[in-house]
Amino acid sequence: MASSMSKPKIFVARQIFPEGLERLRAIAEVDYNDQSVPLSPVDLSLRLAHVDGALVTGSEKIDAQTLSQAHRLKIVSNIAVGFNNFDIQLLTEKNILATNTPEVLTDTTADMGFLLLMAAARRLSEGEHWLRAGHWQNWSLGGMMGMDIHHSTIGVMGMGRIGQAIAKRALAFGMTVIYYNRRQLPKEIEKECQATYVTKEELLKTADHVMLVMPYVPENHHFIGEKELALMKSTATLVNIARGGIVDENALIHALKNQIIFSAGLDVYEGEPNIHPGLLEVPNIVLAPHIGSATQKTRLAMMHLAIDNLIAGLNHQQPPNLINTDLWK
Ligand code: 8YV
């Protein structure tokens with residue numbers, strides 16, 4: 001067995017499950033931030049300065065500042081599928097492998113998209129708050145009416161793995177699926193999802209409900225703003241399970257207050273965990289605290305996959321979910 005002197009050094013940026021820590025301690029010297037509070041960029045850069053590998057989450061920004069002293073870093077493994085917290089170009093320039101956790105969270109996150117869609121369109125949160133506040137005196141024919149999900153048209157923005165999983169759920173609800181994506185999908189996938197490719201504008205105008213599942217790249221910043229919300233149906237629900245910055249929250253609050261759209265379901269926020277106070281004031285919105293992948297099984301699987309990636313990189317093997325594949329060529 002290798003002596004502890006020869007073990008690689010790694011930094012674990014956030015509290016993880018004990019079985020993950022055990023796996024890591026068996027192969028490495030571990031510097032562990034056992035808190036659920038992210039470190040400041042200055043502290044993060046200090047902790048990255050002396051390690052060969054790091055296990056991080058979507059809350060740790062890996063950029064010029066935090067990498068400034070990371071001269072021996074070989075790999076950064078994200079416990080998330082989205083990697084907008086990584087400066088991939090810089091990591092590649094610095095010869096540092098970057099990895100993420102796709103596949104294991106696809107169905108769990110797609111379930112969350114559907115949950116928010118149904119809860120928002122059927123006014124579940126609003127109804128519950130109203131009931132808890134003691135307002136329910138009588139059943140009424142026109143009380144708490146929402147919008148149908150079944151047999152409606154869903155517009156999926158971003159037809160990657162999670163978008164496709166949402167489309168398959170939609171089919172079981174008798175829905176028509178239209179989608180917009182940077183590229184049209186191969187015919188066999190379109191057939192599998194019974195999904196029709198449309199332009200962004202056509203999707204916004206035609207869909208009864210809109211689901212945002214695209215990656216947060218600079219071009220997608222405020223991809224949904226005042227103009228886009230104005231194109232949507234006044235009966236439509238907007239769901240965002242991707243990243244907060246994709247939606248202009250001021251425009252969304254205005255649209256919800258003025259019935260430009262019917263309702264919204266959000267799992268992600270531009271300044272999360274700080275929530276725009278205006279979002280807390282509108283009743284026709286369902287707000288979740290970024291829990292798209294948060295089931296016991298999935299979060300455990302994400303952690304283990306991130307550790308698999310980290311260990312592979314430290315052992316000079318190609319990590320299963322390498323993002324900057326150029327480094328391997
Ligand atoms: C993570 C997510 O829980 O995987 C993602 O991209 O948004 C969530 O599943 C979150 O980013 C924490 O890392």
Side-chain angles (χ1 to χ4, degrees), residues 108-157 166 169-170 172-175 203-213 222 224-226 228-295:
T108 299
T109 311
D111 284 353
M112 185 72 192
F114 241 82
L115 169 64
L116 285 173
L117 173 60
M118 297 187 81
R122 296 298 302 271
R123 303 173 67 181
L124 183 64
S125 285
E126 193 185 343
E128 185 178 354
H129 284 117
W130 182 77
L131 175 155
R132 284 181 188 270
H135 297 308
W136 190 22
Q137 305 297 340
N138 298 296
W139 181 91
S140 72
L141 190 63
M144 276 287 158
M145 291 189 297
M147 296 298 159
D148 275 326
I149 299 300
H150 70 87
H151 301 97
S152 65
T153 295
I154 188 169
V156 182
M157 293 280 197
I166 285 166
R169 281 157 180 73
F173 278 74
M175 297 169 89
L203 184 147
L204 291 166
K205 283 184 183 162
T206 319
D208 293 314
H209 306 294
V210 176
M211 180 81 66
L212 305 175
V213 212
H222 289 186
I224 300 291
E226 193 185 338
E228 287 76 17
L229 289 159
L231 291 175
M232 287 174 64
K233 295 184 181 179
S234 59
T235 48
T237 288
L238 176 74
V239 174
N240 187 6
I241 52 168
R243 285 293 180 265
I246 291 172
V247 175
D248 176 345
E249 290 173 349
N250 283 316
L252 177 63
I253 292 161
H254 180 266
L256 290 168
K257 276 189 177 161
N258 294 284
Q259 287 85 46
I260 292 167
I261 66 168
F262 184 72
S263 65
L266 303 182
D267 187 39
V268 286
Y269 308 86
E270 193 159 5
E272 65 181 61
N274 300 316
I275 306 296
H276 188 311
L279 291 172
L280 303 174
E281 284 165 17
V282 279
N284 45 343
I285 190 165
V286 178
L287 304 169
H290 200 152
I291 52 171
S293 63
T295 64

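Just so you know, these numbers use all the heavy atoms, side chains as well, and skip hydrogens, waters and symmetry mates. Worth saying up front: this structure is predicted, and the values here are computed from it rather than measured.
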query: Counting only heavy atoms not in His254, do more than 12 fall under 6.0 Å of its NE2?
result: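 Incorrect, the count does not exceed 12.
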
Original post:
Around Arg122, counting heavy atoms of other residues, nucleotides and ligands shown, do more than 12 lie under 6.0 Å from its CZ?
Top reply: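 Incorrect, the count does not exceed 12.
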
[X] side chain vs [Y] backbone, donor-acceptor pair below 3.5 Å:
X: Asp267; Y: His290; result: yes
X: Glu249; Y: His276; result: no
X: Glu228; Y: Gly225; result: yes
X: Arg123; Y: Asn284; result: no
X: Asp148; Y: His150; result: no

Within this structure, what is the CE-CD1 distance for the pair Met232 and Ile261, rounded to the nearest 0.5 Å?
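Met232 atom CE to Ile261 atom CD1 measures 4.5 Å (nearest 0.5 Å).
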
* Asked: What distance separates Ile154 CD1 from Ile149 CD1, expressed to the nearest 0.5 Å?
  ->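 Taking CD1 in Ile154 and CD1 in Ile149, the distance rounds to 7.5 Å.
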
Side chains of Leu266 and Leu252: does their closest heavy-atom pair fall under 4.5 Å?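 The answer is yes; the side chains approach within 4.5 Å.
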
Can you see which heavy atom on [X] is nearest to which on [Y], and at what distance?
X: Val282; Y: Leu256; result: CG2-CD1, 4.1 Å
X: His209; Y: Ala121; result: CE1-CB, 4.2 Å
X: Ala264; Y: Ala120; result: O-CB, 3.5 Å

Inset, instruction - Dump the intermediate steps for side chain to side chain contact (heavy atoms under 4.5 Å, CB included) on Asp248 and Leu229, then the final yes or no. - result: CA-CA 10 Å; Asp248 176 345; Leu229 289 159; over 6 Å; no

- Message: Taking salt bridge (charged side-chain N to carboxylate O under 4.0 Å, His left out) as the definition, give me every residue that meets it alongside Asp111, ordered by chain and number, with sequence neighbours left out.
- Response: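 For Asp111 the salt bridge (charged side-chain N to carboxylate O under 4.0 Å, His left out) partners, ignoring immediate neighbours, are Arg169.
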
- Does one side chain, of Thr237 or Ser263, offer a donor that lies under 3.5 Å from an acceptor on the other?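 Present: a donor and an acceptor within the cut-off.
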
